[in-house]
Amino acid sequence: MVRIGILGATGAVGQRLIQLLDPHPEFEIATLTASPSSAGKPYSEAAKWRADSPIPQSVADIEVVETSPTAVPDDVPLLFSSLPSSVGAEVEPRFVEAGYVVSSNSSNGRMDPDVPLVIPEVNPDHVNVLEVQRDERGWDGALLKNPNCSTITMVPTLAALDEFGLEAVRVSTLQAVSGAGYSGVTSMEILDNAIPHIGGEEQKMESESRKLLGGFDGAEIELHEMDVAASCNRIPTLDGHLENVWAETDEAVSTDEVAAAMAEYPSAALPSSPDQLIHVFEEPDRPQPRLDRNLGNGMAVSAGGFRETDGGVQYNCLAHNTIRGAAGASVLNGELLVEEGWV
């Protein structure tokens, strides 16, 4: 068992990480960090638990420590970070300098050339950017990122289409309120409403997608040449990001070819990977958040509503934003780091 820690363990993504890591076959939760106001308290007192299952007994009595390398035991080599990006930008490098390997969900640094941004089923070879990172920064540890929750939903489907020559992508998202955190959107804002703006989200989808689907030559990542434009919208669903995608391809493609490419796209041989990465629906009104967000224990992506267009194909895709799109993505990257010998 690999002893692991969670940075920012009391927040929404931190709680999801605990749900996923407590029963994990390869990881043992050994330390939990939070703000100074929570340090010194048992986790059950420090966290306002809002997850949809009880606090695991194995972590309820763990004493929360400050988010500092000096507070984390040396025998905890792997850390999962769910820190706010403003905090992560300052704190995560300190942990990596101290020799810890960090699998981070925080948005800071995702587009840095020497920070691998990884979806293990899509671009596992990008983990080798860590060699460049250590050479350039002199770090003893390593920092790996998973992408934004809306990006994770779309990119596996695009990876399946890349064989047809992706040229341009247009996407409009319908994103669940849980993506904004517990205090992110008030009920008075979102009930009977939709909010056609999520700060920074569109830029993340447009840039992260090209990095994830880019090539790594051993020295640097070359961004994918496709043009990406996104419109991001918040709607009153609890969990599950639904996205409408228009993909233009160099080759003419049929809906049958697109559906087959997605259904046959391989998953990864990691504990948290679903048996089938992309679940394809024939029904024109699927996927739907309430019905389909928990496919593959929340780690699968689903797609449907395929329609041929003049330049390619239009379809809808969906993933559970706090599992596949956040905590589960970090766990999966942690498994990849162990598999590839970085931990």
Engineer: Between H24 and F27, what is the ring plane arrangement, given parallel below 30°, perpendicular above 60°, and tilted in between?
Structural biologist: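 Plane angle under 30°, so parallel.
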Engineer: Specify the closest pair of heavy atoms between S103 and L337, including all atoms of both residues, with the distance to one decimal.
Structural biologist: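 Residues S103 and L337, closest heavy atoms: CB-CD1, 4.2 Å.
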Engineer: Do S209 and V155 come within less than 4.5 Å of each other through their side chains, counting heavy atoms only?
Structural biologist: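 In contact.
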Engineer: Is there a path of hydrophobic side-chain contacts, each under 4.5 Å between heavy atoms, that joins V72 and I18?
Structural biologist: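 Cluster IDs for V72 and I18 differ.
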Engineer: Supply the atom-to-atom distance T322 OG1 to R293 CZ, rounded to the nearest 0.5 angstrom.
Structural biologist: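 The OG1 atom of T322 sits 9.5 Å away from the CZ atom of R293.
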Engineer: I'd like to know if the side chain of H241 and the backbone of A176 have a donor-acceptor N/O pair within less than 3.5 Å.
Structural biologist: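 Yes; at least one donor-acceptor contact below 3.5 Å.
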Engineer: Nearest 0.5 Å, please: how far is CE in M262 from CD in Q276?
Structural biologist: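 Q276 atom CD to M262 atom CE measures 12.5 Å (nearest 0.5 Å).
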Engineer: Please answer: with hydrophobic residues joined when any side-chain heavy atoms are less than 4.5 Å apart, are L20 and L332 in the same cluster?
Structural biologist: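 Yes; L332 is reachable from L20 via cluster members.
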Engineer: Could you pull out the closest heavy-atom pair between G214 and H126, with the gap in Å?
Structural biologist: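 Distance-wise, the nearest heavy atoms are O-NE2, 3.1 Å.
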Engineer: Give a yes or no on whether L291 and L295 share a hydrophobic cluster (residues Ile, Leu, Val, Met, Phe, Trp, Tyr; joining criterion: side-chain heavy atoms under 4.5 Å apart).
Structural biologist: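 No, it is not one cluster - the side chains of L291 and L295 are not joined through contacts under 4.5 Å.
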Engineer: Looking at every heavy atom in both L117 and N123, which two are closest together, and how far apart are they?
Structural biologist: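 For L117 and N123, the tightest heavy-atom pair comes out as O-ND2, 2.8 Å.
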Engineer: Kindly say whether S272 contributes a backbone atom to a donor-acceptor pair with the side chain of E335 at under 3.5 angstrom?
Structural biologist: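 Side chain of E335 to backbone of S272: a pair is present.
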Engineer: So, do M205 and E243 sit near enough that their side-chain heavy atoms are less than 4.5 Å apart?
Structural biologist: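 A side-chain contact under 4.5 Å exists here.
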Engineer: Looking at E206 and V228, what are the two nearest heavy atoms and their distance?
Structural biologist: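 Where E206 meets V228 most closely, the heavy atoms are CG-O, 3.3 Å.
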Engineer: Do I6 and V343 belong together in a cluster built from hydrophobic side chains that touch within less than 4.5 Å?
Structural biologist: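 Per the 4.5 Å side-chain linkage, I6 and V343 are co-clustered.
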Engineer: Is there a side-chain contact between L161 and Y315, using heavy atoms and a 4.5 Å cut-off?
Structural biologist: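 L161 reaches Y315 side chain to side chain.
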Engineer: Evaluate Q133 against D112 for side-chain hydrogen bond (donor to acceptor under 3.5 Å, both in side chains), listing each step before the verdict.
Structural biologist: CA-CA 10 Å; Q133 182 185 104; D112 289 358; over 6 Å; no
Engineer: Does E201 reach the side chain of T173, with side-chain heavy atoms less than 4.5 Å apart?
Structural biologist: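 Of all side-chain heavy-atom pairs linking T173 with E201, none is under 4.5 Å.
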Engineer: Is there a donor-acceptor contact under 3.5 Å from the side chain of S106 to the main chain of L83?
Structural biologist: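 At least one qualifying donor-acceptor pair exists.
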Engineer: Taking S273 for its side chain and A269 for its backbone only, find out whether a donor-acceptor pair lies under 3.5 Å.
Structural biologist: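 Side chain of S273 to backbone of A269: no pair is present.
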Engineer: Using modelled atom types only, decide if a donor and an acceptor are shared between the side chain of S82 and the backbone of G8 within a distance under 3.5 Å.
Structural biologist: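 Looks like yes, one N/O pair under 3.5 Å.
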Engineer: Salt-bridge test for R286 and E282: reply yes if a basic N is under 4.0 Å from a carboxylate O, no otherwise.
Structural biologist: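 Here R286 does not pair with E282 in a salt bridge, since their nearest N and O are not under 4.0 Å apart.
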Engineer: Compute whether any side-chain donor of one residue and acceptor of the other, for Q19 and D52, lie under 3.5 angstrom apart.
Structural biologist: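 A pair is found: one side chain offers a donor N or O, the other an acceptor, under 3.5 Å apart.
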Engineer: Does E283 reach the main-chain N or O of G304 with its side chain, forming a donor-acceptor pair under 3.5 Å?
Structural biologist: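 A pair under 3.5 Å: no.
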Engineer: Would you indicate whether the side-chain heavy atoms of F95 and T67 approach each other to under 4.5 Å?
Structural biologist: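 Contact flag for T67/F95 side chains = yes.
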Engineer: Using modelled atom types only, decide if a donor and an acceptor are shared between the side chain of S267 and the backbone of P274 within a distance under 3.5 Å.
Structural biologist: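 Yes, because the side chain of S267 sits within donor-acceptor range (under 3.5 Å) of the backbone of P274.
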Engineer: Applying side-chain hydrogen bond (donor to acceptor under 3.5 Å, both in side chains) to S330 and N146, what does each step give before you reach the verdict?
Structural biologist: CA-CA 6 Å; S330 291; N146 60 259; 2.6 Å; yes
Engineer: Minimum heavy-atom separation for N316 and G305, please, with both atom names.
Structural biologist: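 Here N316 and G305 meet closest at ND2-CA, 4.2 Å.
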Engineer: Checking side chain to side chain contact (heavy atoms under 4.5 Å, CB included) for the pair F281/D292: CA distance, chi angles, key distance, verdict?
Structural biologist: CA-CA 10 Å; F281 285 100; D292 304 315; 3.2 Å; yes
Engineer: Between R134 (side chain) and D140 (backbone), is there a donor-acceptor pair under 3.5 Å?
Structural biologist: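 Yes; at least one donor-acceptor contact below 3.5 Å.
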Engineer: Out of curiosity, does V101 fall in the hydrophobic cluster containing V118 (side-chain heavy atoms, cut-off under 4.5 Å, transitive links)?
Structural biologist: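 Same hydrophobic cluster.
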Engineer: Output yes when a side-chain donor or acceptor of S81 lies under 3.5 Å from a complementary backbone atom of S104, and no otherwise.
Structural biologist: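 Not confirmed, S81 side chain does not pair with S104 backbone.
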Engineer: Please assess I29 against I4 for the test side chain to side chain contact (heavy atoms under 4.5 Å, CB included), listing each intermediate value before the final yes or no.
Structural biologist: CA-CA 5 Å; I29 299 174; I4 61 93; 3.8 Å; yes
Engineer: Parallel, tilted or perpendicular: which one describes the rings of W49 and Y43, with boundaries at 30° and 60°?
Structural biologist: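 Perpendicular: the ring planes of W49 and Y43 meet at over 60°.
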Engineer: Side chains of I323 and R16: does their closest heavy-atom pair fall under 4.5 Å?
Structural biologist: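 In contact.
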Engineer: Would a distance-only check, ignoring hydrogens and angles, find a side-chain to backbone donor-acceptor pair under 3.5 Å from T157 to T153?
Structural biologist: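 Checking the backbone N and O of T153 against the side chain of T157, no donor-acceptor pair under 3.5 Å is found.
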Engineer: Taking the basic N atoms (NZ, or NE/NH1/NH2) and the acidic carboxylate oxygens, is any pair closer than 4.0 Å for K145 and E208?
Structural biologist: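 No, no charged N to carboxylate O under 4.0 Å.
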Engineer: What are the two closest heavy atoms between V76 and G5, and how far apart are they?
Structural biologist: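 Taking V76 first and G5 second, the nearest heavy atoms are CG1-N, 3.4 Å.
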Engineer: Hey, are the side chains of Y100 and D74 touching, using non-hydrogen atoms and a 4.5 Å cut-off?
Structural biologist: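 Y100 vs D74: side chains touch.
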Engineer: More than 12 non-hydrogen atoms from neighbouring residues, nucleotides or ligands closer than 6.0 Å to CD on E222, yes or no?
Structural biologist: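 12 or below, so no.
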Engineer: Does the distance from a Lys or Arg side-chain N to an Asp or Glu carboxylate O, for R210 and D227, drop under 4.0 Å?
Structural biologist: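 D227 and R210: not salt-bridged.
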Engineer: Give a yes or no on whether a salt bridge exists between R324 and E121, defined as a side-chain N under 4.0 angstrom from a carboxylate O.
Structural biologist: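 Counted as a salt bridge, because a side-chain N and a carboxylate O are separated by less than 4.0 Å.
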Engineer: Are V122 and Y265 close enough, and set up right, to give a side chain to side chain contact (heavy atoms under 4.5 Å, CB included), and what steps lead you there?
Structural biologist: CA-CA 9 Å; V122 173; Y265 191 82; 4.1 Å; yes
Engineer: Side-chain contact, heavy-atom cut-off 4.5 Å: E202 with S231?
Structural biologist: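 When only atoms from C-beta onward are counted, S231 and E202 do touch, with a gap below 4.5 Å.
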Engineer: Using side chain to side chain donor-acceptor pair (under 3.5 Å) as the criterion, list what pairs up with N333, not counting sequence neighbours.
Structural biologist: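 Side chain to side chain donor-acceptor pair (under 3.5 Å) list for N333, sorted by chain: empty.
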Engineer: For side chain to side chain contact (heavy atoms under 4.5 Å, CB included), just list the numbers for V2 and E26, CA-CA rounded to whole Å, side-chain angles, deciding distance to a tenth of an Å, and then say yes or no.
Structural biologist: CA-CA 6 Å; V2 178; E26 295 182 357; 5.6 Å; no
Engineer: Let's go through S254 and D256 carefully: what are the C-alpha distance in whole Å and the side-chain angles of both, what is the deciding distance for side-chain hydrogen bond (donor to acceptor under 3.5 Å, both in side chains) to 0.1 Å, and is it a yes or a no?
Structural biologist: CA-CA 5 Å; S254 68; D256 287 343; 5.2 Å; no
Engineer: Would you indicate whether E189, at its atom CD, is surrounded by more than 12 heavy atoms from other residues, nucleotides or ligands within a distance under 6.0 Å?
Structural biologist: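 Counting other residues, nucleotides and ligands, CD of E189 exceeds 12 neighbours.
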Engineer: Within a 6.0 Å radius of atom CG on N297, are there more than 12 heavy atoms belonging to other residues, nucleotides or ligands?
Structural biologist: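 No, the 6.0 Å shell around CG holds no more than 12 heavy atoms from other groups.
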Engineer: What's the spacing between L21 CG and F80 CZ if we round to 0.5 Å?
Structural biologist: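 L21 CG to F80 CZ: 5.0 Å, rounded to 0.5 Å.
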